[in-house]
There are 2 protein chains.
Amino acid sequence: MEKRATIKDVAEAAGVGIATVSRVLSGGSASPGTRERVLAVAAQLDYRPSAAGRNLRQRRTGGLGLLVPDLTDTFFGLLAEGVLAHARSAGEPVVLGSTGDDPEQESEMVGMLLEQGVDRVVAVPSGDAESWRPAVRAGMTVVFADRLPGESPDQDAEGPDHDLMLLDGLPPAPPARPLDTPAVLADDRSGIRTAVRYLKGLGHRRIAYLGGPGHERRVAAFREAVGAPVDEELIVFATGSRDSAYAAAAGLFQSRPDLSAVVAGGNALGEAAVLAARELDLRVPRDVSLVMYDDVPWAELCSPPLTVIAQPGREIGYRAAELVLRAGARRPRTVVLPTELIVRGSCGPHR
Amino acid sequence: MEKRATIKDVAEAAGVGIATVSRVLSGGSASPGTRERVLAVAAQLDYRPSAAGRNLRQRRTGGLGLLVPDLTDTFFGLLAEGVLAHARSAGEPVVLGSTGDDPEQESEMVGMLLEQGVDRVVAVPSGDAESWRPAVRAGMTVVFADRLPGESPDQDAEGPDHDLMLLDGLPPAPPARPLDTPAVLADDRSGIRTAVRYLKGLGHRRIAYLGGPGHERRVAAFREAVGAPVDEELIVFATGSRDSAYAAAAGLFQSRPDLSAVVAGGNALGEAAVLAARELDLRVPRDVSLVMYDDVPWAELCSPPLTVIAQPGREIGYRAAELVLRAGARRPRTVVLPTELIVRGSCGPHR
DNA sequence: CTTCTCCATGGAAACGATTCCATCATGCTT
DNA sequence: AAGCATGATGGAATCGTTTCCATGGAGAAG
């Protein structure tokens with residue numbers, strides 16, 4: 001339990017001033033002789049600069065925050081691995097928080113990060129845009145991954161505001177842009193469209209969508225892809241929990257026995273769909289075809305192996321970390337990564 | 001980007017000294033009037049004490065480190081959720097590192113944690129006892145979860161040491177106890193034994209074990225449970241990677257077509273076993289029975305659903321966090337949590 | 001009425017790093 | 001040879017907090 005060596009110890013042992021030590025260690029100028037001596041002494045004393053001291057002085061803590069809904073979900077695990085990979089290569093520590101898809105816990109975590117001095121965060125958001133505003137106003141650099149925060153509920157209030165501005169003779173400013181935060185997303189639009197086309201190609205007409213929280217874009221893409229008369233009953237939602245997902249899937253199958261294919265908007269939903277189908281004695285793909293968003297390792301283990309829309313989870317995390325770490329000069333735009341339909345065995349022709 | 005309020009700002013705004021503010025905020029004594037005023041001002045200014053300042057002063061950073069081999073593995077995700085749950089309730093931030101089961105990366109991460117001032121760590125160790133010694137000597141409080149570090153290779157040197165001590169007339173001190181670090185583990189012994197008994201009861205005689213890194217206890221328990229003439233060829237190991245696990249499983253099936261049951265010592269191994277069996281056209285459970293360590297959500301999705309040895313991953317993490325946070329007075333002993341055999345459909349009678 | 005105790009309070013030191021600035025030596029230019 | 005530029009170096013201030021200690025006032029005990 002011997003206490004750690006400080007810069008002062010190193011300075012004394014090397015017979016130089018602390019300023020010199022600091023300079024040597026942070027790459028400043030120093031004479032070769034001095035540099036060598038300082039480095040030797042530092043190594044021999046196993047000196048490590050204290051993050052607390054440095055942070056205090058430079059008024060910013062290194063490190064980045066990572067906020068995900070649930071680490072039990074393989075996709076978020078993958079995303080986290082991506083973030084960690086880049087953080088490691090940048091030598092930055094990662095402070096982790098799991099929000100359970102609860103906006104309240106989320107903002108609590110944001111508060112804690114702020115307190116820790118962590119001012120750069122990669123987040124899979126649960127709260128809406130409004131709930132993220134305090135964070136960015138407090139000076140946080142935020143990059144969203146996988147999802148965007150839900151549009152604020154005050155969207156309705158936007159109309160009146162607009163009118164008011166016109167009355168005042170002001171130029172109709174863009175109606176309070178939700179947030180100008182960069183994000184790294186998968187190309188949901190294209191992924192969903194490809195899946196739906198594929199199912200249509202197999203002859204399916206009554207295709208259902210099973211959605212989770214925070215993916216408005218996927219639903220929108222689904223609506224667009226299935227085309228004109230959208231059967232609203234075939235679009236159902238669950239919250240983040242497993243129970244909720246199962247209930248939604250089971251409810252869907254029971255209330256609409258005529259559906260012939262399901263697109264699950266996430267791996268938790270896909271899991272629920274498989275379970276519910278089995279429980280109700282629906283065979284996949286004979287009775288119902290299934291496409292799941294997210295390619296997770298166990299998709300191949302199911303029988304039949306699941307046809308999936310793969311999105312590069314690890315890379316999403318990696319790129320997000322990259323963005324948040326070099327959020328310097330030009331504010332980076334949102335990055336969209338490609339998806340890929342991986343056909344395995346869970347879809348069959350419509351009978 | 002307005003800079004955050006400091007304790008000094010609060011003190012000025014409230015018309016008191018900074019010492020008083022600090023006292024009020026950290027629960028010291030103060031007159032009711034003052035306390036109220038300070039709290040009001042602090043709230044109004046949205047004041048948050050800077051962790052950097054506090055850490056510097058008290059020479060220790062709050063927070064705890066979490067080191068896992070791979071967040072993509074559902075079990076570790078579960079464990080992490082447990083740690084996070086307890087950390088949240090204790091108001092402590094969690095610094096995460098993923099080691100990829102690589103001792104070198106692991107000690108790198110330990111170094112970084114040390115630098116950050118994080119001196120309490122929950123770890124699923126990859127390195128051996130020797131590689132953890134520097135960490136504990138540097139004053140880190142470590143609690144191992146799920147695994148113990150492999151016995152150091154210098155175990156052989158133990159004999160001589162002992163003799164030497166006898167010669168010196170010293171009391172025969174315990175021969176360099178590997179590490180007196182507490183740990184939270186599942187009851188591997190009992191779990192494996194139950195599984196093997198179950199398989200034996202189904203008539204299986206040639207039972208194989210597919211092991212991963214860091215679970216000597218499981219192998220030992222397996223050897224013990226299968227009884228006297230242990231067929232060493234039926235015990236194979238993989239490193240942490242998916243490829244390695246698949247190779248080990250496939251190799252096992254091919255080299256020993258006479259085996260009738262497999263115990264997979266982790267969910268990654270179980271996954272590999274299912275895949276390899278399918279590839280080689282072995283039916284589960286008709287041709288080969290399978291029991292997997294870890295109950296993960298997707299175990300139920302396989303067909304047939306996998307019979308598993310469930311260990312309480314979330315609770316392991318929770319308890320480990322608990323131990324490391326109140327590592328005060330009496331050094332806590334190792335905690336062993338129960339396992340449970342969950343019979344589903346992947347085991348059948350021997351034919 | 002005096003003295004003692006106790007409590008609220010504020011000033012100031014300390015924590016360990018970075019960084020500005022002054023100092024000093026060295027070598028070059030004129 | 002004198003002045004000047006350059007580069008190495010150390011002193012000291014600073015960051016925001018906690019905590020030790022001194023101060024002062026009020027109430028209690030003698």
Side-chain angles (χ1 to χ4, degrees), chain A residues 2-39 41-42 45-63 91 93 112 114-119 138-139, chain B residues 2-39 41-42 45-63 91 93 112 114-119 138-139:
Chain A
E2 60 229 76
K3 65 176 197 290
R4 278 169 46 191
T6 75
I7 198 175
K8 206 175 150 196
D9 301 326
V10 177
E12 269 172 29
V16 299
I18 59 171
T20 304
V21 176
S22 175
R23 243 173 273 130
V24 168
L25 262 21
S26 44
S29 69
S31 76
T34 310
R35 145 168 276 112
E36 197 181 345
R37 193 150 31 99
V38 168
L39 286 179
V41 170
L45 259 51
D46 191 31
Y47 166 71
R48 292 169 189 288
S50 140
R54 175 185 307 139
N55 294 341
L56 180 54
R57 172 60 216 244
Q58 347 193 105
R59 310 156 115 256
R60 61 165 273 266
T61 302
M112 181 209 281
L114 234 21
E115 192 160 320
Q116 291 300 316
V118 175
D119 57 357
Chain B
E2 60 228 76
K3 66 176 194 291
R4 279 168 47 190
T6 75
I7 199 176
K8 204 174 152 195
D9 300 328
V10 177
E12 268 172 28
V16 299
I18 59 172
T20 303
V21 176
S22 175
R23 243 172 273 128
V24 168
L25 261 21
S26 45
S29 67
S31 75
T34 309
R35 143 167 277 110
E36 197 182 345
R37 192 150 31 99
V38 169
L39 287 178
V41 171
L45 256 52
D46 190 32
Y47 166 72
R48 292 170 189 287
S50 141
R54 175 185 308 137
N55 294 342
L56 181 55
R57 173 60 219 239
Q58 2 192 89
R59 318 166 98 240
R60 62 163 273 266
T61 303
M112 181 208 282
L114 236 18
E115 194 160 318
Q116 292 299 315
V118 175
D119 57 356

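Residue numbering restarts at 1 for every chain, and letters A, B, ... go by the order of the sequence lines.
Counting all heavy atoms, side chain and backbone alike, A:A13 lies closest to A:V41 at CB-CG1, 3.6 Å.
If one axis is set at each end of the helix from C:dC1-D:dG30 to C:dT30-D:dA1 from five pairs, those axes are 50° apart, to 10°.
Neither OP1 nor OP2 of C:dC15 sits under 4.0 Å from any side-chain N or O of A:S50. OP1 or OP2 of D:dT9 has at least one side-chain nitrogen or oxygen of A:S31 nearer than 4.0 Å.
Inter-residue side-chain proximity for B:T6 and B:D9 is flagged as met; some heavy-atom pair is nearer than 4.5 Å.
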Whether each nucleotide of nucleotides 18-28 of chain D has a protein heavy atom under 4.0 Å at its base (B), only at its sugar-phosphate (S) or at neither (-) is summarised, 5' to 3', as BB---------

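Residue A:G15 is classed as a sugar-phosphate contact, given heavy-atom separations below 4.0 Å to backbone atoms only. Looking at heavy-atom distances under 4.0 Å, B:R48 makes contact with sugar-phosphate atoms alone, never a base.
Residues meeting the side chain to side chain contact (heavy atoms under 4.5 Å, CB included) test with A:R48, sequence neighbours left out: A:R4, A:D46, B:L114, B:E115.
In this structure, A:S50 OG and A:N55 CG are separated by 7.5 Å, a value rounded to the nearest 0.5 Å. Atom CD of residue A:E12 and atom CG of residue A:L45 lie 10.5 Å apart, to the nearest 0.5 angstrom.
Residue A:E12 contributes atom CD, which lies 14 Å from atom C1' of C:dG16 at whole-angstrom precision. Taking atom CG of A:L56 as the reference point, atom P of C:dA17 lies 12 Å away to the nearest angstrom. To the nearest angstrom, P of C:dA17 lies 10 Å from CZ of B:R59. Look at NZ on A:K8: it is 16 Å from P on C:dT18, rounded to the nearest Å. The CD-P distance, from A:E36 to D:dA8, rounds to 15 Å in whole Å.
Test A:E36, A:R35, A:R37 against A:L39 for side-chain contact (heavy atoms from CB on, under 4.5 Å) and you get one pass: A:R35.
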Identify every side-chain donor-acceptor pair in residues 15-26 of chain A under 3.5 Å, counting partners at least two apart or on other chains, and give the distances.
unit_1: A:S26; atom_1: OG; unit_2: A:S22; atom_2: O; d: 2.6

